[in-house]
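The next block holds one structure in the form of structure tokens; read it before the comments.
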Amino acid sequence: MPVILSGDRVRQVVATLEDTYPDAAPELDFSNPFELVIAVMLSAQCTDVRVNLVTHELFARYPDAQSLASANIEDVESIIRTCGLYRNKSRNAIAASQMIVDRFCGEVPASREELQQLPGIGRKSANVILSCAMSQDAIAVDTHVYRVSRRIGLSDASTVLGVEKDLMDATPRKKWSQLHHLLIFHGRRCCKAHKPQCQTCTVAHLCGYNASRNKSSSAR
DNA sequence: ATCCCGAGGG
DNA sequence: CCCTCTGGAT
């Protein structure tokens with residue numbers, strides 16, 4: 001039985017998480033749109049620490065879309081090899097750069113629809129780019145945001161789009177980006193997929209998921 | 001073993 | 001909905 005929080009309780013959850021994670025911020029810290037496009041693309045199934053390492057080397061050699069567009073794919077592969085899925089990522093990074101150059105006149109497009117035309121950029125990555133490098137308000141729903149939102153009752157939707165909409169409806173536009181990072185931090189540090197740390201969770205008292213876990217564990 | 005702030009394709 | 005692509009960290 002899902003628990004949908006009222007506006008007041010949403011604010012309470014956000015305020016509590018804000019207090020819990022005062023340093024919540026994107027770990028992929030690129031304000032240059034092109035760099036963020038590539039960094040986000042590389043981040044699938046890979047830690048951000050590693051993305052920061054390989055992008056440092058990658059951008060030293062290919063600083064912009066023009067140079068990466070004409071890069072040798074084997075060179076790109078050798079640079080990003082250690083972050084997994086490297087064949088797809090290399091092909092996509094080059095193809096996306098080429099598309100930026102000859103379809104978008106060398107500028108990273110600033111709409112979600114256009115960003116999603118870039119190979120390797122889906123809805124989640126497009127929203128990250130918009131909110132972190134384009135000063136646009138968007139909520140990127142990744143696996144953490146999805147899982148945490150459903151557990152603590154910010155949404156009972158069963159699709160990424162549904163959760164995204166519920167979060168946008170429940171939160172003032174100017175707080176979307178912050179909410180996104182708070183939920184990711186909470187999902188990584190506490191509200192984990194398999195062993196959630198409900199004992200130390202600062203919003204457990206607001207959380208129906210925690211209540212149902214307590215009930216089922218004390219019942220056996 | 002299991003998980004990483006996914007995307008594309010069937 | 002499902003599956004596959006990948007190496008590294010824990």
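Every chain is numbered from 1 and lettered A, B, ... according to where its sequence line falls, protein lines coming before strand lines. Computed from a predicted structure; not experimentally measured.
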Restricting to non-hydrogen atoms, name the atom on Lys195(A) and the atom on Gln197(A) that form the minimum distance, rounded to 0.1 Å.
O-OE1, 2.7 Å
Protein and nucleotides 6-10 of chain C: nitrogen or oxygen contacts under 3.5 angstrom:
residue, atom, partner, partner atom, Å
dT6(C), OP1, Arg87(A), NE, 3.0
dT6(C), O4', Leu85(A), N, 3.2
dT6(C), O2, Leu85(A), N, 3.1
dG7(C), N2, Gln45(A), O, 3.0
dG8(C), O3', Arg50(A), NH2, 3.1
dA9(C), OP1, Arg50(A), NH2, 2.9

Hey, which of Met134(A), Met41(A), Arg112(A), Gln136(A) is the one that makes side chain to side chain contact (heavy atoms under 4.5 Å, CB included) with Ile129(A)?
Met134(A)
Near DNA chain B, which residues from residues 93-104 of chain A have a heavy atom under 4.0 Å away?
none
Indicate whether any N or O donor in one side chain lies under 3.5 Å from an N or O acceptor in the other, for Thr16(A) and Asp19(A).
no
Can you tell if the side chain of Cys132(A) reaches within under 4.5 Å of the side chain of Leu28(A), non-hydrogen atoms only?
no
Could you go through the side-chain hydrogen bond (donor to acceptor under 3.5 Å, both in side chains) check for Thr20(A) and Thr202(A) one step at a time?
CA-CA 7 Å; Thr20(A) 309; Thr202(A) 55; 2.8 Å; yes
With sequence neighbours excluded, tell me which residues meet ring-ring contact (aromatic ring centres under 6.0 Å, His included) with His186(A).
Tyr21(A)
Rounded to whole Å, CG of Leu28(A) lies from C1' of dC4(B) at a distance of 13 Å
Rounded distance (Å) that lies between atom C1' of dG6(B) and atom CG of Asp48(A)
12 Å
Can you check the distance between dA7(B) and dG8(C), where both ends of the measurement are the P atom (answer in whole Å)?
22 Å
Does a side-chain N or O of Arg188(A) approach OP1 or OP2 of dC5(B) to a distance below 4.0 Å, or not?
yes
Specify the residue among Val40(A) and Gly187(A) whose closest nucleotide of DNA chain B lies further upstream toward the 5′ end.
Gly187(A)
Sort and list the pairs that fulfil side-chain hydrogen bond (donor to acceptor under 3.5 Å, both in side chains) and have at least one residue in residues 91-110 of chain A, not counting sequence neighbours.
Asn88(A)-Arg91(A), Arg103(A)-Gln117(A)
dG6(B) C1' sits how many Å from Arg147(A) CZ, rounded?
14 Å
Please report the distance, rounded to the nearest Å, between CZ in Phe185(A) and C1' in dC4(B).
15 Å
Using the C1' atom as the reference point in each nucleotide, state the distance between dC4(B) and dT6(C) in Å, no decimals.
11 Å
What's the CD1-P distance between Ile121(A) and dG8(B), to the nearest Å?
8 Å
When rounded to whole Å, the CE to P distance for the pair Met41(A) and dC4(B) reads 22 Å
Filter on side-chain hydrogen bond (donor to acceptor under 3.5 Å, both in side chains), then keep only pairs touching residues 31-45 of chain A, sequence neighbours left out; what's left?
none
Please tabulate, for the side chains in residues 75-82 of chain A, all donor-acceptor contacts under 3.5 angstrom to protein atoms that are two or more places apart in sequence or on a different chain.
residue, atom, partner, partner atom, Å
Ser78(A), OG, Asp75(A), O, 2.8
Thr82(A), OG1, Arg50(A), NH1, 3.2

Over how many whole Å does the gap from Ile80(A) atom CD1 to dG6(B) atom P extend?
16 Å
Quick one: Lys124(A) NZ to dG8(B) P, roughly how many Å, whole number?
12 Å
